[in-house]
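Notes follow the structure.
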Protein chains: 2
Amino acid sequence: MKTIEQFLESKNIRVTAMRLLIYKFLAEKQVAVTLSDIENAFEKADRTTLYRTIKTFEEKAIVHQIDDGTGINKYALCEKGCNCEIETDLHLHFHCNNCNETICLTEHKIPQIKVPDGFVSENVNLVVKGVCDKCSGQ
Amino acid sequence: MKTIEQFLESKNIRVTAMRLLIYKFLAEKQVAVTLSDIENAFEKADRTTLYRTIKTFEEKAIVHQIDDGTGINKYALCEKGCNCEIETDLHLHFHCNNCNETICLTEHKIPQIKVPDGFVSENVNLVVKGVCDKCSGQ
DNA sequence: TCAATAAATGCACTTCCATTGCATAGATAT
DNA sequence: ATATCTATGCAATGGAAGTGCATTTATTGA
């Protein structure tokens, strides 16, 4: 069982207080968050720091960016089952039109998509929109 | 064979010179375009007019908006095979990482996506990214 | 035909988010 | 201890979406 510090170091991310806080924040969230969400959670911190921290996490492949069609970038920690570096490992995201939350459905793999001759597929972005379990239960 | 004027009228869109020009511009494009693309094509026209024209076309279901993950909205004319009003008629889009163009693959339908219990799927957005036929041929 | 009405267009803003440059603080290594 | 590199904070920029209002253009009906 690694500590977060050890985990970050193993990914070549230098450990700072801010980065630990942001990591923990992401870890306890069950949904993808926007930069503003993080900003609101850490009002003392500068927006740029948060932005660059997320970008660092993204580069080091411990966070993936999600484009759920709201026009605002969202981010989520990569889980055990999620290997963002590996392009064939693509899961889908669910965006709730009611609560506006976006959830990684890590266990749901994206089916193989055929493209016409001459086209080379490198990446697939799949977002399902609708009503999430929490909202549909109301 | 309808004229464009007749077609627009049949969709309850009032015909204006500007709208005809924008329609023709979209029609001759084989790829999805951004508002800026349209802006550059019609430098004399105001951006707001172009924006609202596109929105009108979208409401009247002769144009569909595409979110290809670049963060910029793109638009394309609905073709014969494309019935955007019908939610089950979802085709996929291909975004070329090389030339940055986005193409509607109208004939490629999106497979049925299963979501977990409690989730209600209303809409699906699928974008495949890679290299398009033109760029891969180089 | 002309006035009254409604829709389309143009201009000026605003807002929101992403991103960058630069100066400073803090950590690392020699 | 100091030189060096990285992280952080502040300020500013830029791009795109969207809105309010005045004006022009088109439509309708008397």
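Lettering follows sequence order; numbering is per chain, from 1. Bear in mind that the values here come from a model prediction, so they are computed numbers and not experimental data.
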**Message:** Please give the remaining members of the hydrophobic cluster of V120(A), linking ILVMFWY side chains under 4.5 Å, ordered by chain and number.
**Reply:** V131(B)
For a quick test of your reading: what N or O donor-acceptor pairs under 3.5 Å do the side chains of residues 66-78 of chain A make, sequence neighbours left out?
{"residue": "D67(A)", "atom": "OD1", "partner": "G69(A)", "partner atom": "N", "Å": "3.2"}
{"residue": "D67(A)", "atom": "OD2", "partner": "G69(B)", "partner atom": "N", "Å": "3.2"}
{"residue": "D68(A)", "atom": "OD1", "partner": "T70(A)", "partner atom": "N", "Å": "3.0"}
{"residue": "D68(A)", "atom": "OD1", "partner": "T70(A)", "partner atom": "OG1", "Å": "2.6"}
{"residue": "D68(A)", "atom": "OD2", "partner": "K74(A)", "partner atom": "NZ", "Å": "3.2"}
{"residue": "D68(A)", "atom": "OD2", "partner": "H95(A)", "partner atom": "ND1", "Å": "3.2"}
{"residue": "D68(A)", "atom": "OD2", "partner": "T102(A)", "partner atom": "OG1", "Å": "2.4"}
{"residue": "T70(A)", "atom": "OG1", "partner": "I72(A)", "partner atom": "N", "Å": "3.4"}
{"residue": "K74(A)", "atom": "NZ", "partner": "N100(A)", "partner atom": "O", "Å": "2.9"}
{"residue": "K74(A)", "atom": "NZ", "partner": "T102(A)", "partner atom": "OG1", "Å": "3.3"}
{"residue": "Y75(A)", "atom": "OH", "partner": "Q65(A)", "partner atom": "NE2", "Å": "3.4"}

**Fill in**
With sequence neighbours left out, the residues meeting salt bridge (charged side-chain N to carboxylate O under 4.0 Å, His left out) with E5(B) are none
What's touching nucleotides 25-28 of chain D from the protein side, N or O pairs under 3.5 Å?
none

**Request:** Over all heavy atoms of both residues, which pair between A61(B) and K11(B) is shortest? Give the atoms and the distance, please.
**Result:** O-NZ, 4.4 Å
**Asked** Do you know the tightest heavy-atom contact between S121(B) and V124(B)?
**Response** OG-CG2, 4.2 Å
**Rounded distance in Å - CG (D46(B)) to P (dG20(D))** = 16 Å
**Asked** Which residues pass the ring-ring contact (aromatic ring centres under 6.0 Å, His included) test with F7(B), sequence neighbours left out?
**Response** Y23(B)
**Request:** For residues 103-136 of chain B, pull every pair meeting ring pair (Phe, Tyr, Trp, His ring centres under 6.0 Å), keeping only residues two or more places apart or in separate chains.
**Result:** F94(A)-F119(B)
**Prompt:** Given axes from five pairs at either end, by how many degrees does the helix from dT1(C)-dA30(D) to dT30(C)-dA1(D) bend, rounded to 10°?
**Reply:** 20°
Report, one line per pair, each donor and acceptor closer than 3.5 Å where one atom sits in a side chain of residues 25-40 of chain A; sequence neighbours left out.
{"residue": "T34(A)", "atom": "OG1", "partner": "S36(A)", "partner atom": "N", "Å": "3.4"}
{"residue": "T34(A)", "atom": "OG1", "partner": "D37(A)", "partner atom": "N", "Å": "3.0"}
{"residue": "T34(A)", "atom": "OG1", "partner": "D37(A)", "partner atom": "OD1", "Å": "3.4"}
{"residue": "T34(A)", "atom": "OG1", "partner": "D37(A)", "partner atom": "OD2", "Å": "3.2"}
{"residue": "D37(A)", "atom": "OD2", "partner": "T34(A)", "partner atom": "N", "Å": "2.9"}
{"residue": "E39(A)", "atom": "OE1", "partner": "R47(A)", "partner atom": "NH1", "Å": "2.3"}
{"residue": "N40(A)", "atom": "ND2", "partner": "S36(A)", "partner atom": "O", "Å": "3.2"}

With a cut-off of 3.5 Å and sequence neighbours excluded, list every side-chain donor-acceptor pair involving residues 111-118 of chain B.
none

**Prompt:** CG of L21(B) to NZ of K44(B): how many Å apart, nearest 0.5 Å?
**Reply:** 9.5 Å
**Message:** Would the distance check show the side chain of E59(B) and the main-chain N or O of T56(B) forming a donor-acceptor pair, the cut-off being under 3.5 Å?
**Reply:** no
**Asked** What string of B, S and - do you get for nucleotides 13-19 of chain D, 5' to 3', if B is base contact, S is sugar-phosphate-only contact and - is no contact with any protein heavy atom under 4.0 Å?
**Response** ---SBBB
**Span of DNA chain C, from the first to the last nucleotide whose atoms fall under 4.0 Å of chain B heavy atoms** = dA7(C) to dA12(C)
**Request:** For T53(B), check side chain to side chain contact (heavy atoms under 4.5 Å, CB included) against everything at least two apart and list the hits.
**Result:** R19(B), I22(B), T49(B), F57(B)
